Amino acid sequence: MKRLVGILILLFGFQVVALAQYDEKARTILDKMSAQYQKIPSYKADFSYILTNEAEGLNEEFAGKIAVKDNMYRLKMEGQEIINNGETMWTYLEDVNEVNIDYYDPEDGDMSPSKIYTAYKDGFKYIYLDQESAGDVNVVDLVPNDKNSQYYKVRLLINKSNNTLKGWKIFDKAGNVIHYDIRNFNPKANLQDSYFVFNEDDYSDVEVIDLR
């Protein structure tokens with residue numbers, strides 16, 4: 001992904017950091033959301049991913065499927081599948097029929113699906129956006145305390161009716177906006193731990209590259 005730091009984006013990001021606080025209304029909404037997900041043993045959902053960057057003329061979109069249980073997740077996107085059991089990560093590339101295996105570092109990378117509903121509890125300020133919240137959606141911005149973070153804001157769209165995530169947007173300092181939209185949420189998926197382990201038998205003649 002190309003990176004281009006825009007001065008206006010940076011300035012806006014710093015202003016958000018300066019203004020954001022620990023908003024009590026936002027905290028109440030976030031706590032309800034977190035509690036709701038922690039009551040769900042495992043779930044599946046469909047999602048869409050949209051990446052835009054006005055400065056670079058980027059507008060990419062694709063759809064996928066996600067399954068989550070505790071700190072494990074399984075993501076299936078166009079031509080790629082990521083399976084994570086909390087210790088090991090498998091990345092399967094369909095076009096070359098290849099899987100890369102590596103250790104999973106929970107401190108590395110962006111917002112993972114298993115972190116998105118608890119991340120606010122450590123390292124973030126949060127603010128309720130009254131002007132953006134409407135209908136059945138509450139909107140809350142998370143702003144990282146770490147000014148060296150590659151993103152400066154995560155915007156959560158939370159359903160008022162059931163306290164689940166409708167979607168979220170990640171704004172990074174390169175001018176990229178990544179929007180995830182959640183659909184067909186199934187909180188009764190009843191997934192076994194084995195679902196979050198790559199099974200070579202399901203992928204005929206797959207080439208295995210072990211990077212551990």
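A quick note: this is a predicted structure, and the numbers were derived from the prediction, not measured. Residues: numbered from 1 along the sequence shown.
Shown here are the side-chain hydrogen bond (donor to acceptor under 3.5 Å, both in side chains) partners of Lys44, two or more places apart in sequence or in another chain: there are none. When the side-chain hydrogen bond (donor to acceptor under 3.5 Å, both in side chains) test is applied to Arg183, the partners found at least two apart in sequence or on another chain are Ser48. Applying the side-chain hydrogen bond (donor to acceptor under 3.5 Å, both in side chains) test to Thr164 and every residue at least two apart in sequence or in another chain returns Asn159, Asn162. By the side-chain hydrogen bond (donor to acceptor under 3.5 Å, both in side chains) test, Asp130 is found to be paired with no residue, residues two or more places apart in sequence or in another chain being considered. For Lys65, the salt bridge (charged side-chain N to carboxylate O under 4.0 Å, His left out) test picks out Asp46, with sequence neighbours left out.
Residues Val208 and Phe198 fall within the same hydrophobic cluster, defined by Ile, Leu, Val, Met, Phe, Trp and Tyr side chains chained together at heavy-atom separations under 4.5 Å. In the hydrophobic clustering of this structure, Leu93 does not group with Tyr104; members are Ile, Leu, Val, Met, Phe, Trp, Tyr whose side-chain heavy atoms approach within less than 4.5 Å, directly or through other members. A single hydrophobic cluster is seen to contain both Val197 and Ile101, as judged by linkage of ILVMFWY side chains at heavy-atom distances under 4.5 Å, directly or through other members. Both Tyr203 and Trp90 belong to a common hydrophobic cluster when Ile, Leu, Val, Met, Phe, Trp and Tyr are linked at side-chain heavy-atom distances under 4.5 angstrom. Phe62 and Tyr180 end up in the same hydrophobic cluster when Ile, Leu, Val, Met, Phe, Trp and Tyr side chains are linked at under 4.5 Å.
Counted within 6.0 Å of CD on Glu98, heavy atoms from surrounding residues, nucleotides or ligands total more than 12; the atom is thus considered enclosed. Residue Lys166 qualifies as open at atom NZ: its count of foreign heavy atoms under 6.0 Å is 12 or below.
Two residues are said to be in side-chain contact when any heavy atoms from C-beta on lie closer than 4.5 Å; Met77 and Tyr49 fail this criterion. Contact of the Leu165 side chain with the Ile158 side chain is registered, since non-hydrogen atoms from C-beta on lie closer than 4.5 Å. Side-chain contact between Ile29 and Tyr128 is present, with at least one heavy-atom pair separated by less than 4.5 Å. Inter-residue side-chain proximity for Asp193 and Met72 is flagged as met; some heavy-atom pair is nearer than 4.5 Å. Residues Ile182 and Trp168 form a side-chain contact, since some pair of their non-hydrogen atoms from C-beta on lies under 4.5 Å apart. With a 4.5 Å cut-off on side-chain heavy atoms, Val99 and Ile83 do not count as touching. Looking at heavy atoms from C-beta onward, Phe171 lies in side-chain contact with Lys169 at the 4.5 angstrom threshold.
Counting all heavy atoms, side chain and backbone alike, Leu191 lies closest to Ser42 at N-OG, 3.0 Å. When all heavy atoms of Asn85 and Phe196 are compared, the pair lying nearest together is CB-O, 3.3 Å. Across all their heavy atoms, Gly86 and Asn71 have their closest contact at CA-ND2, 3.8 Å. In plain terms, the two heavy atoms of Tyr152 and Val143 that are nearest each other are O-CG1, 3.7 Å. Closest non-hydrogen pair, Thr52 versus Ile50, comes out as CG2-CG2, 4.0 Å.
In this structure, the side chain of Ser149 does not engage the main chain of Pro144 through any donor-acceptor pair within 3.5 Å. No donor-acceptor pair under 3.5 Å is formed between the side chain of Asn176 and the backbone N or O of Leu51. Asn186 places a side-chain N or O within 3.5 Å of a backbone atom of Lys188 that can act as its donor or acceptor partner. Listed for the Ser133 side chain is a donor-acceptor partner under 3.5 Å among the backbone atoms of Leu129.
Within the model, atoms CG of Asn138 and CG of Leu157 stand 9.5 Å from one another, a figure rounded to the nearest 0.5 Å. Summarising the geometry, atom OG1 belonging to Thr91 is positioned 6.0 Å from atom CD belonging to Gln80; distances are rounded to the nearest 0.5 Å. If you take CD on Gln38 and CE on Met33, they are separated by 9.5 Å, rounding to the nearest 0.5 Å. Separation of atoms OH (Tyr151) and CG (Asp146) is listed at 9.0 Å; rounding is to 0.5 Å. Note: Met89 CE to Leu211 CG = 12.0 Å, rounded to the nearest 0.5 Å. Residue Tyr195 holds its OH atom at 12.5 Å from CG of Asn190, rounded to the nearest 0.5 Å.
The stretch residues 71-96 participates, sequence neighbours left out, in these salt bridge (Lys or Arg N to Asp or Glu O under 4.0 Å) pairs: Arg74-Glu81.
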Run Tyr92 and Asn97 through side chain to side chain contact (heavy atoms under 4.5 Å, CB included) and show every step you take. CA-CA 7 Å; Tyr92 174 70; Asn97 196 28; 2.8 Å; yes
Step-by-step side chain to side chain contact (heavy atoms under 4.5 Å, CB included) determination, Leu30 to Phe124: CA-CA 12 Å; Leu30 292 169; Phe124 285 89; over 6 Å; no
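A salt bridge does not link Asp23 with Lys25: every distance from a Lys NZ or Arg NE/NH1/NH2 to an Asp or Glu carboxylate oxygen is 4.0 Å or more.
Phe185 and Tyr43 have tilted rings, their planes meeting at an angle from 30° to 60° on a 0 to 90° scale.
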